[in-house]
Amino acid sequence: MAQALFFDALVAWQRRLGRHHLPWQGTRDPYRVWLSEIMLQQTQVATVRPYYERFVQRFPDVRALAQAESDEVLAHWSGLGYYSRARHLHACARLVVQEGGRWPGSAAELQRLPGIGASTAAAIAAFCFGERVSILDGNAKRLLARLLAFGGDLAHAPTQRTLWQQAQGLLPENASATDMAAYTQGLMDLGAQICTRSKPRCPECPVAALCLGLAQQRVAELPHKSRRSPRRLEDWWLLLLRRADGAIWLQQRPPRGIWAGLYAPPVLATQHAALQAPPGARAGHAPTLHPVISHSLTHRELRLHLVQWQWAADAPEPVWGPGRWLLSVGQPPVALPAPIRTWLLEHLPPAAGAGTGFEV
DNA sequence: GACTCGTGGGA
DNA sequence: TTCCCAAGAGT
């Protein structure tokens with residue numbers, strides 16, 4: 001197919017009808033572009049927007065981020081998911097600051113930094129430096145699979161590499177820096193607005209005349225991806241130690257696995273263990289069993305059983321550590337898993353001096 | 001290569 | 001309800 005026609009048509013369309021007012025646009029500051037790309041990994045624009053705004057307000061540049069405590073960085077990521085992104089983000093910021101605050105100037109070098117893979121590196125390099133490299137995010141995969149009538153199974157890595165080579169081949173040798181930025185944004189915008197997963201708006205597509213998938217009437221079946229994740233069911237027993245003033249004991253989770261590094265009630269493996277009065281509980285008081293919370297992750301379906309015990313006024317700190325008592329989820333922000341945050345918002349006592357309206 | 005890692009939205 | 005998946009990367 002005619003590569004130059006596609007590139008030029010997409011650039012022109014992006015300038016006229018693409019998105020230009022997202023919070024992370026209108027800058028070539030690698031810090032902001034990088035931050036947005038990390039947040040947008042596997043996460044929709046509408047979800048990211050408020051997180052991005054809060055994050056840049058608190059951490060306006062890479063030095064501010066590098067100097068922050070990891071707990072506070074995680075707290076600002078709380079609810080966004082895939083928390084290893086926040087850990088890598090923080091490590092990456094410290095590496096960049098170590099290098100005098102200078103970012104690598106190419107996609108190949110960017111990709112060596114933690115949390116930056118091939119597609120994110122290409123996005124940053126194209127937006128900030130106009131480098132002639134192609135992204136291959138979910139939008140680009142879907143769009144290019146249809147455009148090229150590429151029927152390979154995208155669940156397989158070799159197939160993705162092939163598509164990436166095709167994507168790279170669509171870039172004109174003499175593509176300018178500003179065109180590369182518009183083109184890269186165009187891939188994302190066309191995928192998000194026109195070449196959508198279901199009900200693509202082909203009549204409005206600026207490259208419909210070039211689309212092999214459309215010509216072959218295969219748009220609905222492309223892209224092809226096998227394998228769906230089996231989701232196994234797990235029961236977690238959460239120990240809610242409640243102090244007389246309403247505070248709840250939270251324990252920092254281990255550095256690997258689900259909710260790594262976040263704060264949550266201690267998790268016990270069995271119902272039996274959760275129903276044994278923990279040391280420090282008020283004698284003679286039975287536990288309260290709260291309604292089960294169902295929470296689904298990519299590979300698991302969690303059933304969270306919350307078992308609440310009253311904490312004796314004269315008891316020492318709980319033996320489960322490191323941890324902390326929590327009276328309010330508001331200020332300062334705390335790194336909580338989403339379902340735990342939701343539950344605490346309903347069950348913690350109203351904030352002292354309530355009515356500020358910023359408890360979330 | 002196959003798994004793992006969150007959360008919310010849409011069909 | 002159930003499934004897919006969204007500006008993917010690390011192990």
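Each chain gets a letter, A, B and so on, in the order its sequence line appears, and its residues count up from 1. In this text the structure is predicted, and so the values were computed from the model without any measurement.
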K.L.:
Once you round it to whole Å, what is the distance between P of C/dG8 and CD1 of A/I135?
P.N.:
9 Å
K.L.:
Rounded to whole angstrom units, what separation is found between the CZ atom of A/R142 and the C1' atom of C/dC4?
P.N.:
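Between C1' of C/dC4 and CZ of A/R142: 12 Å.
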K.L.:
Map A/A155 and A/T298 onto DNA chain B by nearest heavy atom, then report which one ends up closer to the 5' terminus.
P.N.:
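Per heavy-atom nearest nucleotide, the more 5' residue is A/A155.
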K.L.:
Between A/R161 and A/G81, just flag the one whose closest nucleotide in DNA chain B comes earlier from the 5' side.
P.N.:
A/R161
K.L.:
Could you give the CZ-to-C1' distance, from A/R87 to C/dA9, as a whole number of Å?
P.N.:
11 Å
K.L.:
Determine the contact category for A/A123: base if any of its heavy atoms lies under 4.0 Å from a base atom, sugar-phosphate if only primed atoms, P, OP1 or OP2 are that close, otherwise nothing.
P.N.:
nothing
K.L.:
Where the side chain of A/R242 meets the backbone of A/Q308, is there a donor-acceptor pair that is under 3.5 Å apart?
P.N.:
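No; judged by distance alone, with no hydrogens or angles, the pair does not exist.
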K.L.:
Give one of base, sugar-phosphate or nothing for A/E301, where a contact means two heavy atoms less than 4.0 Å apart.
P.N.:
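Nothing, no nucleic acid heavy atom in range.
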K.L.:
Looking across every strand, which nucleic acid part, if any, lies under 4.0 Å from A/R19 by heavy atom: base, sugar-phosphate, or nothing?
P.N.:
base
K.L.:
Step through the shown structure and confirm whether more than 12 heavy atoms of other residues, nucleotides or ligands are within 6.0 Å of CZ on A/R231.
P.N.:
yes
K.L.:
Which residues pass the side chain to side chain donor-acceptor pair (under 3.5 Å) test with A/T47, not counting sequence neighbours?
P.N.:
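Applying side chain to side chain donor-acceptor pair (under 3.5 Å) to A/T47 gives none.
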K.L.:
Output the rounded distance in Å from CD (A/Q42) to P (C/dA6).
P.N.:
7 Å
K.L.:
Measure the distance from OH on A/Y82 to C1' on C/dA9 and round it to the nearest whole Å.
P.N.:
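After rounding, the reported distance stands at 10 Å.
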K.L.:
By the 4.0 Å heavy-atom rule, please label A/S198 as base, sugar-phosphate, or nothing.
P.N.:
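Touches sugar-phosphate only.
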K.L.:
Determine the interatomic distance between P on C/dA7 and the same-named atom on B/dC3; round to the nearest Å.
P.N.:
25 Å
K.L.:
Please work out if A/G191 contacts a base, only the sugar-phosphate, or nothing of the nucleic acid, heavy-atom cut-off 4.0 Å.
P.N.:
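No contact.
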K.L.:
Describe the nucleic acid contact of A/W24 in one word from base, sugar-phosphate, nothing, applying a heavy-atom distance below 4.0 Å.
P.N.:
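The answer is base, as A/W24 lies within the cut-off (heavy atoms under 4.0 Å) of a base atom.
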K.L.:
What closest approach, in Å, do A/V73 and A/L65 show between heavy atoms, and which atom pair accounts for it?
P.N.:
CG2-CD1, 3.7 Å
K.L.:
What does A/L22 touch in the nucleic acid at a heavy-atom separation under 4.0 angstrom: a base, only the sugar-phosphate, or nothing?
P.N.:
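The answer is base, as A/L22 lies within the cut-off (heavy atoms under 4.0 Å) of a base atom.
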K.L.:
Under a 4.0 Å threshold between the charged nitrogen and the carboxylate oxygen, would A/R142 count as salt-bridged to A/D137?
P.N.:
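No, no charged N to carboxylate O under 4.0 Å.
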K.L.:
Charged N to carboxylate O under 4.0 angstrom, A/D245 versus A/R243?
P.N.:
yes
K.L.:
For A/L136, answer base if it contacts any base atom (sugar-phosphate contacts may also be present), sugar-phosphate if it contacts only those atoms, and nothing otherwise; contact means non-hydrogen atoms under 4.0 Å.
P.N.:
nothing
K.L.:
Consider the side chain of A/R197, meaning its heavy atoms from C-beta on, and name the nucleotide among C/dG10, C/dA7, C/dC5 that approaches it most closely.
P.N.:
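Looking only at side-chain atoms, A/R197 lies closest to C/dC5.
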K.L.:
Do the side-chain N or O atoms of A/Q41 get closer than 4.0 angstrom to the phosphate oxygens (OP1, OP2) of C/dG8?
P.N.:
no
K.L.:
Classify the nucleic acid contact of A/R256 as base, sugar-phosphate or nothing, counting any heavy atom under 4.0 Å across all strands shown.
P.N.:
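Answer is nothing: A/R256 stays at 4.0 Å or more from every strand.
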K.L.:
If we count only N and O atoms by modelled type, under 3.5 Å, do the side chains of A/Q193 and A/D189 hold a donor and an acceptor together?
P.N.:
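The criterion, which ignores hydrogens and geometry beyond distance, is not satisfied for A/D189 and A/Q193.
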K.L.:
Does A/V45 reach a base, just sugar-phosphate, or nothing at all? Heavy atoms under 4.0 Å.
P.N.:
base
K.L.:
Report which part of the nucleic acid A/A118 touches: base, sugar-phosphate, or nothing (heavy-atom distance under 4.0 Å, all strands).
P.N.:
sugar-phosphate
K.L.:
Contact class for A/I38 vs. all strands (heavy atom < 4.0 Å): base, sugar-phosphate, or nothing?
P.N.:
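Touches nothing.
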K.L.:
Under 30°, 30 to 60°, or over 60°: which ring-plane class applies to A/W343 and A/H347, parallel, tilted or perpendicular?
P.N.:
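A/W343 and A/H347: parallel rings.
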K.L.:
Whole angstroms only, please: what is the OH-P distance between A/Y52 and C/dA7?
P.N.:
17 Å
K.L.:
Expressed in angstrom and rounded to an integer, what is the separation of A/E37 atom CD from C/dA7 atom C1'?
P.N.:
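The answer, rounded to whole Å, is 5 Å.
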K.L.:
Classify the nucleic acid contact of A/S296 as base, sugar-phosphate or nothing, counting any heavy atom under 4.0 Å across all strands shown.
P.N.:
base
K.L.:
For the residue pair A/W237 and A/H305, does the interplanar ring angle fall in the parallel (under 30°), tilted (30 to 60°) or perpendicular (over 60°) class?
P.N.:
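Rings of A/W237 and A/H305: parallel, under 30°.
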K.L.:
How do A/L113 and A/Q185 order along DNA chain C: which one's closest nucleotide is nearer the 5' end?
P.N.:
A/Q185
K.L.:
Whole angstrom is fine here: how far is it from CH2 in A/W164 over to C1' in C/dA9?
P.N.:
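Whole-Å distance recorded here is 11 Å.
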K.L.:
Where does the chain A footprint on DNA chain B start and end, counting 5' to 3' with a 4.0 Å heavy-atom cut-off?
P.N.:
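It runs B/dG1 to B/dA11.
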K.L.:
Considering every strand and a 4.0 Å limit on heavy-atom distances, what is the contact class for A/S119: base, sugar-phosphate, or nothing?
P.N.:
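Counting heavy atoms under 4.0 Å across all strands, the contact made by A/S119 is with sugar-phosphate only.
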